[in-house]
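Okay, structure first, notes after.
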Protein chains: 2
Amino acid sequence: MKTYSISEVAKELNLTPYTLRYYDKEGLMPLVERTSSGIRLFKESDIAALKVIECLKSTGMPIKEIKNFIDWCSDGDSTLQQRYDMFMERKATVEAQMEELKKTMEVIEHKCLYYKTALDAGTEDIHKKAKIEISVTK
Amino acid sequence: MKTYSISEVAKELNLTPYTLRYYDKEGLMPLVERTSSGIRLFKESDIAALKVIECLKSTGMPIKEIKNFIDWCSDGDSTLQQRYDMFMERKATVEAQMEELKKTMEVIEHKCLYYKTALDAGTEDIHKKAKIEISVTK
DNA sequence: GCTTGACTTAGAGTTAACTATAAGGATTAA
DNA sequence: TTAATCCTTATAGTTAACTCTAAGTCAAGC
């Protein structure tokens with residue numbers, strides 16, 4: 001079975017060997033095998049596990065909580081409920097983040113339009129004047 | 001015109017007075033008026049500006065870059081192009097973040113299903129066994 | 001007059017997640 | 001055999017964005 005060195009894995013995941021050793025130290029990678037001389041041999045399954053970790057990180061989950069999950073994985077079937085609950089909670093978090101991003105996007109798009117109009121007019125005053133026009137013509 | 005104290009504004013925006021003073025120090029709020037004794041008087045328009053700042057922050061924009069934008073605002077119409085470009089770039093950033101979140105969501109939802117199945121079966125082995133079944137029955 | 005909340009400058013502390021260096025050793029490929 | 005890459009422990013530095021304390025002042029409301 002093909003294995004990968006720490007720097008190969010780092011390159012693939014856009015991390016550094018420092019970061020991977022740091023994850024290891026923090027207990028995020030308990031399953032990685034070693035040569036007799038201690039060099040890490042990453043299997044595809046280890047890389048897949050790291051991708052899940054990166055996924056959890058991208059939801060804003062702190063490393064210490066990710067470690068809990070890794071520990072639950074080692075503990076076997078008795079922790080299935082916790083792991084299910086955790087992913088359901090993550091799902092809710094990501095849904096909330098999506099909602100937030102949508103609102104952010106609305107503001108940004110509004111600003112894009114605002115500045116497009118101002119740019120076409122050559123001045124930001126166009127937006128202030130618009131209101132005056134309305135009150136005058138009303 | 002109604003004005004608000006620093007702690008009223010902080011409460012409204014879910015920040016602290018410390019944070020608002022920090023923003024001020026970093027040049028993010030150049031327009032806030034003061035009493036003769038130096039106390040900040042926030043207008044509705046200042047709160048609106050702070051909401052835009054919070055919006056930019058939520059896109060991951062660092063405070064130093066937000067300061068550039070604030071400076072451009074003070075510089076008037078000559079910076080309209082920069083400001084437009086900035087918001088267009090933010091738009092692209094947020095779109096990319098949405099794509100990322102979608103991918104993240106797919107992984108999370110897959111994991112939810114995985115653990116739901118395992119939980120119903122009482123063991124994670126159900127997923128390993130499934131593959132064996134296929135190869136046996138094939 | 002006293003409390004509350006505002007202000008200032010200056011600087012220290014916090015947190016998370018890296019990121020790096022030192023010092024020493026082992027292994028592997030050209 | 002030499003360079004590159006891996007390992008360790010231990011420790012220190014970095015960065016961003018706060019977060020707080022100290023020490024002293026000021027002003028409004030009860």
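All values below come from the heavy atoms of this structure, side chains included, with hydrogens, waters and symmetry mates left out. Each chain gets a letter, A, B and so on, in the order the sequences are listed, and its residues count up from 1. Source: prediction; values computed, not measured.
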Donor-acceptor contacts, no H, no angles, side chain residues 50-66 of chain A, under 3.5 Å, sequence neighbours left out:
from, atom 1, to, atom 2, distance (Å)
Glu54(A), OE2, Tyr23(A), OH, 3.3
Lys57(A), NZ, Tyr23(A), OH, 2.6
Ser58(A), OG, Cys55(A), O, 2.7
Ser58(A), OG, Thr104(B), OG1, 3.1
Thr59(A), OG1, Leu56(A), O, 2.6
Thr59(A), OG1, Arg90(A), NH1, 2.9

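Remark: Lys57(A) is in phosphate contact with dC18(C), judged by side-chain N or O atoms under 4.0 Å from OP1 or OP2. Look at Arg40(B) and you won't find any side-chain N or O under 4.0 angstrom from OP1 or OP2 of dA6(C). For the OP1/OP2 pair of dC6(D) and a distance below 4.0 Å, the side-chain nitrogens and oxygens of Ser7(A) include at least one atom meeting the criterion.
Put simply, CG on Leu41(A) is 13 Å from C1' on dT5(D), counting in whole angstrom units. As rounded to whole Å, 12 Å separates atom C1' of dC7(C) from atom CZ of Phe42(B). If you measure from atom CG of Leu28(B) to atom P of dA16(D), you get 14 Å, rounded to the nearest angstrom. The distance from atom CD1 of Ile63(A) to atom C1' of dT15(C) is 12 Å, rounded to the nearest whole Å. Counting to the nearest Å, the C1' atom of dT15(D) and the CE atom of Met61(B) are 18 Å from each other. The interatomic distance linking Ile53(A) (CD1) with dA17(C) (P) rounds to 13 Å, in whole Å.
Contacts of residues 13-26 of chain B with DNA chain D (heavy atom under 4.0 Å): Tyr18(B), Thr19(B), Tyr22(B), Tyr23(B).
For residues 41-88 of chain A, the set of pairs meeting the ring-ring contact (aromatic ring centres under 6.0 Å, His included) definition, not counting sequence neighbours, comprises Phe69(A)-Phe87(A), Phe87(A)-Tyr115(B).
For Thr16(B), the side chain to side chain donor-acceptor pair (under 3.5 Å) criterion is met by Thr19(B), not counting sequence neighbours. Every residue was checked against the ring-ring contact (aromatic ring centres under 6.0 Å, His included) condition with Tyr22(A), not counting sequence neighbours, and none meets it. By the side chain to side chain contact (heavy atoms under 4.5 Å, CB included) test, Glu8(A) is found to be paired with Tyr4(A), Ser5(A), residues two or more places apart in sequence or in another chain being considered. Not counting sequence neighbours, Thr3(A) has no partner by the side chain to side chain donor-acceptor pair (under 3.5 Å) test. For Lys116(B), the side chain to side chain donor-acceptor pair (under 3.5 Å) partners two or more places apart in sequence, or in a different chain, are Asp120(B).
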Could you run down nucleotides 25-30 of chain C 5' to 3' and tag each one B, S or - for protein heavy-atom contact under 4.0 Å?
--S---
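In this structure, Ile126(A) CD1 and Leu119(A) CG are separated by 12.0 Å, a value rounded to the nearest 0.5 Å.
Of the candidates Gln82(B), Gln81(B), Arg83(B), Asp85(B) forms a side chain to side chain donor-acceptor pair (under 3.5 Å) with just one, namely Gln81(B).
For Arg34(A), whose side chain is taken as the heavy atoms from C-beta onward, the closest listed nucleotide among dC6(D), dT8(D), dC18(D) is dT8(D).
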